[in-house]
> 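Have a look at this one before I ask anything.
Keep in mind it's a predicted model, so treat the numbers as computed, not measured. Just so you know, these numbers use all the heavy atoms, side chains as well, and skip hydrogens, waters and symmetry mates.
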Amino acid sequence: MRMRRAVVLGAIMFGAGWTLAAAQKPEPGGYILEHDADVAAAEPGTHNGGGQTIGYSFFKKAPRLGLVFRKRALKPGSGIGYHEQKEDEIYYVLSGRGSMTIDGKSFEVGPGTAVLTRPGSSHGLKQVGAEDLVIMINYEQKVQ
């Protein structure tokens, strides 16, 4: 009788584990569509950069996404404060002008400029001129 219970209990646990594993397996394919207007949020300049920005955190709520895909519009006078980088991060300038400082060296950035910042470097970015500085920022994150 004990052996029968053990076999039945084992079969139930195996079936429950199999069902749980199947339920956790992601479905292939699919997509998520988001628009600027749906994700835009007024935010102060990040890393104590000052001023006002509009942040667009795309796919922030997407499960199991190991990538941050963000757009940021830096209003005149705003910036991203100088900070140490913890992971590879890519900045891409869509429009406007800015002054970027990496490891103490400053240079101008504008439309079409891409910058890869590496772990251990320090950097900051300031908007320059009358036009908003609009950038894309991408980096890896821990999968949630």
> What's the separation between atom CE in M100 and atom OG1 in T113, rounded to the nearest 0.5 Å?
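One gets 10.0 Å once the value is rounded to the nearest 0.5 Å.
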
> Taking only residues two or more places apart in sequence, or in another chain, which ones meet K126 in a side chain to side chain donor-acceptor pair (under 3.5 Å)?
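With sequence neighbours excluded, K126 shows a side chain to side chain donor-acceptor pair (under 3.5 Å) to no residue whatsoever.
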
> For T53, run the side-chain contact (heavy atoms from CB on, under 4.5 Å) check against K75, Q127, R72 and tell me which one passes.
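Of the listed residues K75, Q127, R72, the side-chain contact (heavy atoms from CB on, under 4.5 Å) partner of T53 is R72.
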
> Kindly compute the distance separating CD (E43) from CG (L74), expressed to the nearest 0.5 Å.
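That separation rounds to 10.5 Å.
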
> Are I137 and F58 connected into the same hydrophobic cluster when the rule is that any two of I, L, V, M, F, W, Y join if their side-chain heavy atoms are below 4.5 Å apart?
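Result: no, two separate clusters.
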
> Quick one, V128 and L133 - any side-chain contact, counting heavy atoms below 4.5 Å?
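V128 does not reach L133 side chain to side chain.
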
> Going from CZ on F107 to OG1 on T101, what distance comes out if it is rounded to the nearest 0.5 angstrom?
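Reported value, rounded in 0.5 Å steps: 7.5 Å.
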
> NZ of K71: more than 12 outside heavy atoms within 6.0 angstrom?
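Yes - once you tally the heavy atoms of other residues, nucleotides and ligands closer than 6.0 Å, there are more than 12.
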
> Given side chains that start at C-beta, do those of I32 and L65 come closer than 4.5 Å, heavy atoms only?
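Counting from C-beta outward, I32 and L65 never come under 4.5 Å.
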
> Determine whether I54 and F69 fall in the same hydrophobic cluster, where Ile, Leu, Val, Met, Phe, Trp and Tyr are linked whenever their side-chain heavy atoms lie under 4.5 Å apart.
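Yes: a chain of side-chain contacts under 4.5 Å links I54 to F69.
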
> Show the atom names and distances, to 0.1 Å, of all donor-acceptor pairs under 3.5 Å that link a side chain in residues 116-125 to residues at least two apart or in another chain.
residue, atom, partner, partner atom, Å
T117, OG1, E89, O, 3.2
R118, NE, D88, OD1, 2.6
R118, NH2, D88, OD1, 3.4
R118, NH2, D88, OD2, 3.2
S121, OG, R118, O, 2.7
H123, NE2, H83, NE2, 3.4
H123, NE2, Q85, OE1, 3.4
H123, NE2, E89, OE1, 3.3
H123, NE2, Y91, OH, 3.0

> Does the side-chain contact (heavy atoms from CB on, under 4.5 Å) test come out yes or no for F59 and V39, once each step is laid out?
CA-CA 9 Å; F59 316 115; V39 298; over 6 Å; no

> Would the number of heavy atoms belonging to other residues, nucleotides or ligands and lying under 6.0 Å from CG of N48 be above 12?
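12 or below, so no.
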
